[in-house]
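Lettering of chains follows the sequences in order, A, B, ..., and the numbering in each one begins at 1.
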2 protein chains.
Amino acid sequence: MSGIRALARRLELSIGTVSRALNGRPDVNPATRDRVLNAAREMGYRPNQSGRALRHGRTSTVGLVMETGNPSTLGGDSFFMWLVDALQEELAVAGLDLVILPCHSADDPIAFLERQVARRAVDALIISATRRQDARIAYLAGSDTPFVALGRSETPGDYAWIDLDFETVARESVERLAALGHRRIAVAVPQGDANLAHLYLRGYRAAVAALGLPDDPALVLRTSASENGGVEVAQAILAMDPRPTAVMLGHEMMAIGLYSTLERAGLRPGADLSVVGFRQNPQLGFLSPSLACFRLDLGELGRALGRSVVDVLASPAGLKPGRLIWPMGFEPGPSMEPPPL
Amino acid sequence: MSGIRALARRLELSIGTVSRALNGRPDVNPATRDRVLNAAREMGYRPNQSGRALRHGRTSTVGLVMETGNPSTLGGDSFFMWLVDALQEELAVAGLDLVILPCHSADDPIAFLERQVARRAVDALIISATRRQDARIAYLAGSDTPFVALGRSETPGDYAWIDLDFETVARESVERLAALGHRRIAVAVPQGDANLAHLYLRGYRAAVAALGLPDDPALVLRTSASENGGVEVAQAILAMDPRPTAVMLGHEMMAIGLYSTLERAGLRPGADLSVVGFRQNPQLGFLSPSLACFRLDLGELGRALGRSVVDVLASPAGLKPGRLIWPMGFEPGPSMEPPPL
DNA sequence: GGTAGCGTCGGAAACGTTTACGGTGGTGGT
DNA sequence: ACCACCACCGTAAACGTTTCCGACGCTACC
């Protein structure tokens with residue numbers, strides 16, 4: 001109806017000329033170009049996405065896969081909300097659109113990716129919350145679909161990824177707690193095969209061994225990646241004897257449940273149990289006493305992720321894919337104190 | 001490359017026949033059909049989305065607009081996570097795909113919608129978190145794009161919507177609190193023009209007037225739609241004299257901040273201040289004492305939303321669009337008690 | 001004055017599908 | 001033996017866009 005044909009007819013031009021004018025080709029009279037652009041604006045013309053994609057062989061759209069149905073392993077629910085913003089902005093400067101593709105966690109993730117890839121509705125994919133062994137990466141690396149993984153994996157293959165430096169975060173957490181005098185330090189990570197949890201534990205264990213701290217398996221807690229997981233962490237710690245004097249949280253949302261359970265038990269975070277966590281969600285600022293944490297700026301991460309996607313799409317296949325280990329700065333807070341007594 | 005042409009060549013059939021076989025048309029030999037289907041499976045053939053969309057004039061995709069950059073007015077961030085699941089499932093039975101379109105709240109929402117509509121990358125749109133005066137609805141109702149609004153609006157126009165019955169929720173909250181003996185009842189809603197907040201306040205005021213309770217403007221609190229908003233609510237209530245004996249929360253996440261602030265002040269939800277709220281997020285079960293609330297099953301809502309979209313797409317333009325006011329059941333909890341003394 | 005060059009434009013093919021239409025061969029009936 | 005009919009399949013057009021190619025008119029130059 002309101003395609004380029006109608007526009008051409010109305011201007012008494014050929015559709016070829018109109019298309020060239022719209023796309024800023026040089027071989028069109030400036031006066032004609034203005035006439036076309038004005039008419040296009042007036043008629044509210046927008047090129048049909050399907051036609052353009054069909055002609056170009058690409059859609060100029062990248063898909064961000066979002067697992068639904070269970071809390072995201074990485075950083076809680078609002079993760080996408082804050083990440084997507086900057087990501088979209090960064091992709092826009094390269095002329096790319098962003099869509100979020102919801103993938104039910106109960107469904108087969110490979111089949112889901114396969115569908116997205118084969119139908120060619122997106123040019124590239126972004127997956128997140130990578131597992132230690134991740135079949136999605138194995139599949140995508142074997143296909144010819146450009147993709148970027150938010151999080152690395154032990155699955156072999158050449159692919160671009162950006163991962164949080166959770167190993168350093170955990171190591172430095174132990175060191176900072178130990179410097180305050182803590183020796184029995186508990187650690188909590190989401191259960192499951194998430195690679196982030198693995199890295200966090202690896203950093204924890206390395207630091208504990210290096211500093212000669214007690215290496216008690218009971219100090220390692222695996223709970224759900226949510227507020228409720230924090231409740232479980234607190235309950236487990238309260239039941240321990242001897243009780244650890246500090247805990248490190250490998251998931252943001254755990255802090256909420258931990259705080260409320262501690263306070264209900266008459267204990268204060270910081271004074272009675274030191275807590276050091278990780279934070280990416282601006283909304284978590286309400287915690288009091290405020291949480292000592294390693295802080296991730298999801299805006300910066302989103303921009304880096306966008307640039308990585310653009311790079312992958314621009315680079316000829318076979319070029320070495322970009323990899324990035326994302327550092328995070330420590331933000332002190334009164335939830336960390338020397339151990340009582 | 002691996003289009004229907006290659007498939008046809010390999011099978012020594014015409015692409016027309018292959019297409020008919022794949023689409024289950026009757027006029028194709030069953031033996032041939034099997035041959036085609038087997039070869040398609042073997043080659044991993046998937047119809048190109050762009051080609052099909054171009055031919056059909058529709059994309060079989062619906063877009064769910066997600067505002068990013070600020071917490072969603074309706075139900076916090078995890079809202080989409082839990083809604084999308086069932087929505088997607090329901091759309092799938094009608095052969096529709098779902099994508100989430102992130103829209104930065106700082107950008108012009110009309111321009112965003114206009115882009116989505118004109119490029120014809122989706123057949124229908126879903127918008128949520130409707131405002132009392134909502135320019136998006138005015139725009140979409142004036143265009144020819146099928147859409148469903150999650151939430152109604154005072155903006156005139158014929159369009160399909162599903163809205164939570166927050167007016168009844170608020171009215172019943174007041175009545176239940178009054179039945180326990182409460183008279184000074186505070187109410188908290190997100191600031192801004194969200195229609196849900198308006199409905200909630202309307203129900204509150206109607207019940208307060210009907211029951212002859214004190215109608216003090218200071219009892220109406222407007223805070224941010226987040227945990228931090230709950231902190232503000234608690235601080236405001238603690239500063240009041242006379243202090244209300246109960247508070248109703250028009251946003252889910254407020255309960256978290258409210259609880260923690262109350263407990264830090266040495267008050268217990270329920271015993272010292274009755275709280276009745278609203279809950280849709282399964283993860284909020286960690287609150288203790290558990291929250292008396294009106295509960296929304298986002299799965300059911302998502303399914304209804306999906307059906308509504310399918311209806312809108314199937315119904316000839318001009319048919320009366322479906323509208324639905326979504327009731328919510330009350331779930332008792334120890335956060336509601338008779339007022340102290 | 002012919003021709004090369006340039007600026008500008010129209011024509012047409014192509015992307016991958018679907019589908020209306022027509023054609024083929026075979027079967028059945030009269 | 002002819003015709004009608006059916007089952008099956010190939011042909012081609014169409015969706016909206018971009019882009020290659022060629023054509024046209026004009027200027028400038030030899």
Side-chain angles (χ1 to χ4, degrees), chain A residues 1-37 39-40 43-61 95 97 115-123 144, chain B residues 1-37 39-40 43-61 95 97 115-123 144:
Chain A
M1 304 302 121
S2 76
I4 203 176
R5 240 187 211 88
L7 197 54
R9 248 197 303 274
R10 170 170 148 162
L11 290 166
E12 300 189 341
L13 286 170
S14 77
I15 57 175
T17 303
V18 173
S19 176
R20 278 192 304 269
L22 291 171
N23 292 37
R25 299 274 147 168
D27 53 347
V28 50
N29 190 312
T32 312
R33 183 201 317 286
D34 288 347
R35 222 157 55 87
V36 171
L37 292 180
M43 295 181 59
Y45 168 78
R46 302 271 173 168
N48 180 299
Q49 176 68 5
S50 305
R52 176 178 283 198
L54 187 56
R55 166 70 218 216
H56 275 138
R58 58 189 155 79
T59 59
S60 297
T61 303
D97 278 325
R115 253 179 27 226
Q116 306 300 332
V117 167
R119 69 207 317 254
R120 309 215 181 288
V122 293
D123 291 345
D144 57 349
Chain B
M1 304 295 122
S2 76
I4 204 176
R5 240 186 210 88
L7 198 55
R9 250 199 302 274
R10 171 170 146 161
L11 289 166
E12 300 188 344
L13 285 170
S14 77
I15 57 175
T17 303
V18 173
S19 176
R20 278 192 303 267
L22 290 171
N23 292 38
R25 300 273 147 167
D27 53 347
V28 51
N29 192 313
T32 311
R33 182 199 319 285
D34 288 347
R35 221 157 55 88
V36 171
L37 292 180
M43 294 181 61
Y45 168 78
R46 302 271 174 168
N48 180 300
Q49 175 68 5
S50 305
R52 176 178 284 199
L54 187 56
R55 165 71 217 213
H56 275 137
R58 58 190 156 80
T59 60
S60 297
T61 304
D97 279 324
R115 251 177 31 223
Q116 305 300 332
V117 166
R119 70 209 317 255
R120 306 214 180 289
V122 293
D123 292 344
D144 58 348

Think [X] has a side-chain N or O under 4.0 angstrom from the OP1 or OP2 of [N]?
{"X": "B:Ser14", "N": "D:dG10", "answer": "yes"}
{"X": "B:His56", "N": "D:dA14", "answer": "no"}
{"X": "B:Asn23", "N": "C:dT18", "answer": "yes"}
{"X": "B:Arg20", "N": "D:dC9", "answer": "no"}
{"X": "A:Ser19", "N": "D:dT18", "answer": "yes"}

Find the distance [X]:[atom1] to [N]:[atom2] and express it as a whole number of Å.
{"X": "A:Ile15", "N": "D:dA14", "atom1": "CD1", "atom2": "C1'", "result": "13 Å"}
{"X": "A:Met43", "N": "D:dG16", "atom1": "CE", "atom2": "P", "result": "13 Å"}
{"X": "A:Asp34", "N": "C:dT8", "atom1": "CG", "atom2": "P", "result": "12 Å"}
{"X": "B:Leu11", "N": "D:dG10", "atom1": "CG", "atom2": "P", "result": "10 Å"}
{"X": "A:Arg5", "N": "C:dA12", "atom1": "CZ", "atom2": "P", "result": "13 Å"}

Exercise. Indicate yes or no for a side-chain donor-acceptor contact from B:Arg25 to the backbone of B:Ser19 under 3.5 Å, with no hydrogens or angles considered.
Key: no

Quiz prompt | Side-chain touch B:His56/B:Asp123, heavy atoms, less than 4.5 angstrom | solution = no

Quiz item: Tell me, do A:Thr59 and B:Gln49 make a side-chain contact under 4.5 Å, heavy atoms counted?
Solution: no

Quiz item: Any donor-acceptor pair under 3.5 Å between the side chain of A:Arg55 and the base of D:dT17?
Solution: no

Quiz prompt | Gap separating the CG atom of B:Leu22 from the CG atom of B:Leu7, nearest 0.5 angstrom | solution = 6.5 Å

Self-check item: DNA chain D contacts made by residues 44-54 of chain B, counting heavy atoms under 4.0 Å
Solution: B:Leu54

Quiz item: Side-chain donor-acceptor pair under 3.5 Å between A:Thr32 and A:Arg35, yes or no?
Solution: no

Practice problem: Heavy atoms only: give me the nearest B:Ala31-B:Asn29 pair and the separation to one decimal. | Solution: N-OD1, 2.9 Å

